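If you read the sequence from its start, that first residue is 1, and numbering goes on from there. Only a predicted model underlies this, so the values are computations on that prediction, with no experimental measurement involved. Atoms within a ligand are numbered from 1 in the order they appear, just like the ligands themselves.
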Amino acid sequence: MAQQERVVLNRSKYFMATALLSAQRSEDPNTQVGACIVNQEENIVGIGYNRMPNGCDGKLPWERESEEWLDNKYPYVCHAELNAIVNKTSADVKGCAIYVTLFPCNECAKLIIQAGIKDVIYLSDKYHGDKKTIASKKMLNTANINVKQFQSGEEDITITFTVGEMADTNAP
Ligand SMILES: Nc1nc(=O)n([C@H]2C[C@H](O)[C@@H](COP(=O)(O)O)O2)cc1CO
Ligand SMILES: [Zn+2]
């Protein structure tokens, strides 16, 4: 069996990859979003993805363009950032960074600011023209949150479940 290539992820790649992996748990058929909160010691203290509220999985619509607002996902879905913040494993997330695969909306920007998160690192900005995104940027900027885009020029990583021979770093 081929020997698995040894990869050492840098910090930001590891955290964004964690957000991307989490996004893959989302059942949203149109946009899967993941978020990963990291404290000042560089430990992960929260992970989330966009999903329906607890107990509502499979019972609420994933539509996005139904004429009836109540038949769309938007009134119900909990955003990745919200889930990452409320599922935190630490007492609070003050001074933390959040890695998110899509730029936070205005409601999540409020949560991020009020939770004391100081850095936002995002991957996609596909809704940059939307008023929600513009409002979000206005708030994050006014609240002095450091916002920066992940440098997506970085190489992809591969996760494989076939356990090959692990690279033997002691080999001559
Ligand atoms: N930053 C974000 N975090 C999120 O979790 N979401 C979620 C809400 C929806 O489930 C989905 C966006 O759906 P759509 O409008 O692209 O079909 O992503 C959306 C944004 C951006 O507003
Ligand atoms: Zn949001």
With heavy-atom distances below 4.0 Å as the criterion, list the atoms of ligand 1 near [X].
X	result
Y127	14 (P), 15 (O), 16 (O)
Y74	14 (P), 15 (O), 17 (O)
D28	9 (C), 10 (O), 11 (C), 13 (O)
T31	11 (C), 12 (C), 13 (O), 14 (P), 16 (O), 17 (O), 18 (O)
N30	14 (P), 16 (O), 17 (O)
C105	1 (N), 22 (O)
P104	1 (N)

ask   = Is any NZ, NE, NH1 or NH2 atom of the basic residue among K13 and D156 found under 4.0 Å from an Asp or Glu carboxylate oxygen of the other?
value =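 Answer for the salt bridge query: no.
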query = So, are R11 and E42 salt-bridged, with charged N and O less than 4.0 Å apart?
reply =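 Result for this pair is yes, salt bridge flagged.
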Got the closest protein heavy atom to [atom], with its distance?
atom	value
atom 20 (C) of ligand 1	L102 CD2, 3.7 Å
atom 5 (O) of ligand 1	A80 N, 2.9 Å
atom 18 (O) of ligand 1	N50 ND2, 3.3 Å
atom 13 (O) of ligand 1	K73 NZ, 3.0 Å
atom 3 (N) of ligand 1	E81 OE1, 3.0 Å

query = With no hydrogens and no angle check, do the side chains of T160 and T162 hold a donor and an acceptor under 3.5 Å apart?
reply =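 Yes, because at least one side-chain N or O of T160 sits under 3.5 Å from a partner of the opposite role on T162.
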key: Polar side chain donor-acceptor pair, N50 to S26, under 3.5 angstrom   =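 Result is yes, a qualifying pair exists.
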ask   = Is there a side-chain contact between I47 and T18 (heavy atoms, below 4.5 Å)?
value =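 SC-SC contact between I47 and T18 confirmed.
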query = Hey, does L20 have a side-chain heavy atom less than 4.5 Å from the side chain of S22?
reply =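 No, their side chains stay 4.5 Å or more apart.
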task = Report the C-alpha distance between K126 and T31 in whole Å, list the side-chain angles of each, state the deciding distance to 0.1 Å, and finish with yes or no for side-chain hydrogen bond (donor to acceptor under 3.5 Å, both in side chains).
result = CA-CA 11 Å; K126 71 171 176 169; T31 306; 2.9 Å; yes
ask   = Applying the 4.5 Å side-chain criterion to the ILVMFWY set and letting contacts propagate, would Y122 and Y99 be lumped into a single cluster?
value =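 In one cluster: no.
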Shared hydrophobic cluster, I98 / F103 (ILVMFWY, side-chain heavy atoms < 4.5 Å) =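 As far as the 4.5 Å side-chain criterion goes, F103 and I98 are connected within one cluster.
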task = State the atom name: nearest N, O or S atom of H79 to the Zn ion (ligand 2).
result =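 Distance check against the Zn ion (ligand 2) picks out ND1 in H79.
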Residue-level breakdown please: for [X] versus ligand 1, do any non-hydrogen atoms fall below 4.0 Å on the side chain, on the backbone, on both, or on neither?
X	value
H79	both
K132	neither
F103	backbone

ask   = Do the side chain of T133 and the main chain of Y127 share a donor and acceptor less than 3.5 angstrom apart?
value =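 Pair found, side chain donor or acceptor close to backbone of Y127.
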